[in-house]
Amino acid sequence: MSNRPVSTTDLPEPGPGADRLRQALLDASFTADGVLELLGATAYAALARGETVPAERAIRGDDGPRATLVRLFLLNRPVPAGPAETALPAGEALAGGWLRPGAGGGGTLRAAVDIRPYAGPDGEDWWIVSDAGCAVGGAAGLRTTAATGGRDVVLGAGGASSTLAQITVRTPVTRALDVGTGCGIQALHAARHATEVTATDVNPRALRMTRLTLALSGVPAADVREGSLFGPVEDDEPYDLIVSNPPFVISPPEPGERLTYRDGGLPGDELCRTLVRRSAAHLAPGGYCQLLANWQHVEGEDWRERVSSWVPPGCDAWIMQREEQDVAQYTELWLRDAGVHRDDQRRWEERYEAWLEEFAARRTRAVGFGWITLRRTDAEDRSVIVEDWPHAVEQPLGDEIRSHFERLDFLRRHDDASLLNRRFVLAENAVQEQIGRPGAEDPEYVVLRRRSGVMRATTLDTVGAGFAGSCDGTLPAGVIADAIAQLLAEDPVLLRDRIPPVLRALVEEGFLLPCTGD
């Protein structure tokens with residue numbers, strides 16, 4: 001971590017002005033729905049990718065308050081003082097640091113920060129505050145600001161932020177921790193279901209942005225602390241929920257070039273490994289730690305074994321790799337993210353070479369991206385599931401992830417005999433497909449498929465398909481097994497021995513759900 005001072009003097013201070021600004025934004029319908037209505041779906045989607053031309057075209061000639069706010073806070077364009085005053089209390093916003101005079105005078109104003117409307121999960125009108133003039137996920141890469149030089153820039157809510165928000169378990173908790181809070185979007189979500197929220201970051205600008213995001217969204221302030229990883233909370237009571245979208249990019253050491261929002265400063269994937277390993281010490285019993293991560297695919301090593309070795313004792317884990325990129329693809333992605341492609345060709349090639357040299361030195365052939373969920377447990381037979389899942393999922397997945405760990409606990413509590421005494425019901429999102437030659441009397445095999453959440457599929461034989469299809473919550477599993485044995489003229493004792501492994505797999509993957517009340 002660099003000791004270079006980071007300026008926050010150019011940023012607004014949260015205070016009463018945020019309440020009046022929020023009301024002005026609401027009055028002008030400068031909300032997620034309102035901006036979508038104004039711009040249309042195409043321009044709105046382009047704006048989310050950091051591309052502004054479609055939005056510029058959509059509001060050309062429109063001097064209304066909503067269009068004025070779009071120009072100010074989303075397009076980072078100067079606007080005349082008159083329209084600005086109509087759209088919001090411009091004098092107060094100027095005095096409070098939300099606006100600043102346009103370059104060269106001329107009676108124009110421009111935004112000091114990006115204020116982006118954001119819809120909460122229950123339709124709440126929120127606003128995410130970040131550095132002005134920085135593309136979020138744009139193909140053109142990072143656009144730096146004079147205040148930060150780009151290195152300590154705070155980006156808004158991009159695709160990764162949204163993904164983490166949607167996979168997070170949202171049960172009510174007492175204490176939540178957001179490690180590497182950035183613009184504060186995870187702290188904002190956590191404030192809906194946590195009594196106390198703590199947010200940490202190494203970047204003082206990020207902590208100020210988090211305060212602004214919460215204040216402008218009308219959400220109680222979090223306890224914000226400066227520092228790396230768990231350093232600021234070492235002496236705290238354990239947390240019920242820890243979330244983190246850390247600076248996980250695996251980049252070579254480049255003094256003076258590191259971007260705080262993405263480059264953690266530790267070699268390889270050490271930052272993500274450290275975050276996972278140290279999380280258990282800060283989790284309350286039953287608490288969750290959920291984060292996004294990158295990991296190296298090292299020559300001669302199984303990446304699944306490598307990442308599963310990060311999981312600390314006392315934790316269950318579900319690790320899902322969503323994407324894998326070879327080192328050249330990965331290098332190009334993040335050099336473009338930093339805007340290096342806008343430099344001269346020689347600089348691009350030098351940086352590219354440095355990244356490939358670093359990967360070669362670490363015997364890294366590819367990089368994986370995925371989701372890691374840990375759950376603190378006192379079970380002796382902990383569960384660590386690591387899987388490659390590049391297939392479609394249906395967000396949000398928070399409830400499904402919680403249900404996954406609850407089903408693990410259920411299976412731990414029941415031996416095979418007690419499982420056969422329980423009743424089960426087929427999940428509502430499960431459908432059956434029969435695979436075989438057209439006209440054949442019987443299918444070659446049966447596929448059970450889930451149509452939502454993690455859209456899994458599993459192949460079953462005749463017995464497994466018949467068993468799953470008969471689970472409607474009325475009969476215990478053992479009674480269904482006996483009926484199938486009688487129908488197929490099989491030994492019921494042997495069939496009862498075959499059913500529990502099938503049953504456990506179907507419950508673990510969410511195809512069968514135990515009935516309550518047994």
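Fair warning: this is a prediction, and the values are worked out from it, not measured in the lab.
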Q: Using only atom types and a distance under 3.5 Å, with no angle test, would you say the side chain of Arg322 pairs donor to acceptor with the backbone of Asp388?
A: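 Looks like no, no N/O pair under 3.5 Å.
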
Q: Could you point out which residue of Asp337, Asn245, Asn203 forms a side-chain hydrogen bond (donor to acceptor under 3.5 Å, both in side chains) with Tyr261?
A: Asp337

Q: Does atom CD (Glu234) have a neighbourhood of more than 12 heavy atoms from anything else shown, all under 6.0 Å?
A: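 Atom CD in Glu234 is crowded, with more than 12 foreign heavy atoms closer than 6.0 Å.
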
Q: For residues Val243 and Leu291, determine if any side-chain heavy atom of one lies less than 4.5 Å from a side-chain heavy atom of the other.
A: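 No - every pair of side-chain heavy atoms lies 4.5 Å or more apart.
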
Q: Any side-chain heavy atom of Pro476 sitting closer than 4.5 Å to one from Phe424?
A: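 They are not in side-chain contact.
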
Q: Kindly indicate whether the side chain of Thr260, heavy atoms from C-beta on, has any atom under 4.5 Å from the side chain of Val154.
A: no

Q: Using the rule salt bridge (Lys or Arg N to Asp or Glu O under 4.0 Å), only one of Arg382, Arg412, Arg376 pairs with Asp316; which is it?
A: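 Result for salt bridge (Lys or Arg N to Asp or Glu O under 4.0 Å) with Asp316: Arg412.
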
Q: Quick one: do Arg450 and Glu400 make a salt bridge, cutoff under 4.0 Å?
A: yes

Q: Can you name the closest pair of heavy atoms from Leu397 and Val454 and give their distance?
A: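 For Leu397 versus Val454, the nearest heavy atoms are CD2-N, 3.8 Å.
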
Q: I'd like to know if the side chain of Arg449 reaches the main chain of Ala457, judged simply by a donor and an acceptor atom lying under 3.5 Å from each other, with no hydrogens or angles considered.
A: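 The answer is no, because no donor-acceptor pair under 3.5 Å joins these two groups.
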
Q: Heavy atoms only: give me the nearest Phe369-Leu292 pair and the separation to one decimal.
A: CE1-CB, 4.2 Å

Q: With a cut-off of 6.0 Å (strictly less than), are more than 12 heavy atoms of other residues, nucleotides or ligands near OH of Tyr445?
A: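 Atom OH in Tyr445 is not packed in, count stays at 12 or less.
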
Q: How far does CG of Leu155 sit from CE of Met209, to the nearest 0.5 angstrom?
A: 10.0 Å

Q: Quick one: are Asp472 and Leu426 in side-chain contact, heavy atoms under 4.5 Å?
A: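 Heavy-atom side-chain distance check fails, nothing below 4.5 Å.
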
Q: If we only count heavy atoms from C-beta on, is the His341 to Leu335 side-chain gap below 4.5 Å?
A: no

Q: Which label fits His189 and Trp126: parallel for a plane angle under 30°, tilted from 30 to 60°, or perpendicular past 60°?
A: perpendicular

Q: When you measure from the side chain of Asn294 to the backbone of Ile250, do you find a donor-acceptor pair of N or O atoms at a distance under 3.5 Å?
A: no

Q: Looking only at heavy atoms, what is the nearest atom pair of Gly156 and Ile128, with distance?
A: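 Shortest heavy-atom separation between Gly156 and Ile128 comes out as CA-CG2, 4.4 Å.
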
Q: Drop me the distance from Trp310's CH2 to Arg278's CZ, to the nearest 0.5 angstrom.
A: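 Reported value, rounded in 0.5 Å steps: 15.0 Å.
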
Q: Please report the interatomic distance CG(Leu38) to CG(Asp33), rounded to the nearest 0.5 Å.
A: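 Going from CG on Leu38 over to CG on Asp33, the span is 12.5 Å.
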
Q: Would you call Glu387 and Arg304 a salt bridge, using N to O less than 4.0 angstrom?
A: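 Result for this pair is no, no salt bridge flagged.
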
Q: I'd like to know if Arg362 and Asp269 make a salt bridge, using a cut-off of under 4.0 Å between side-chain N and carboxylate O.
A: no

Q: Counting distance only, does the side-chain N/O of Thr181 pair as donor-acceptor with the main-chain N or O of Asp201 below 3.5 Å?
A: no

Q: Counting only heavy atoms not in Glu237 (residues, nucleotides, ligands), do more than 12 fall under 6.0 Å from its CD?
A: no

Q: Do Arg504 and Asp416 meet the salt-bridge criterion of a basic N to acidic O distance under 4.0 Å?
A: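 Looking at Arg504 together with Asp416, the answer is yes, because their closest N to O distance falls below 4.0 Å.
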
Q: Please work out which of the three classes, parallel, tilted or perpendicular, describes the rings of His297 and Trp303, given edges at 30° and 60°.
A: parallel

Q: Regarding Arg407 and Asp409, does a basic nitrogen lie under 4.0 Å from an acidic carboxylate oxygen?
A: no

Q: Whether Arg192 and Glu124 form a salt bridge (side-chain N of Lys/Arg under 4.0 Å from carboxylate O of Asp/Glu) is what I want to check.
A: yes

Q: Looking only at the side chains, is there a donor atom on one of Ser309 and Glu305 sitting less than 3.5 Å from an acceptor on the other?
A: no

Q: Roughly how far, to the nearest 0.5 Å, is the CG atom of Leu506 from the CG atom of Leu512?
A: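 The CG atom of Leu512 sits 5.0 Å away from the CG atom of Leu506.
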
Q: Using a strict threshold of under 4.0 Å (side-chain N to carboxylate O), is an ion pair present between Glu332 and Arg336?
A: no

Q: Would you please indicate if the ring centroids of Tyr239 and His282 are separated by under 6.0 Å?
A: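 Ring centroids of Tyr239 and His282 are no less than 6.0 Å from each other.
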
Q: Assess Arg375 against Trp318: is NZ or CZ under 6.0 Å from the centre of the six-membered ring, and within 45 degrees of the ring's axis?
A: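 Negative - Arg375 is either too far from the ring of Trp318 or too far off its axis.
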
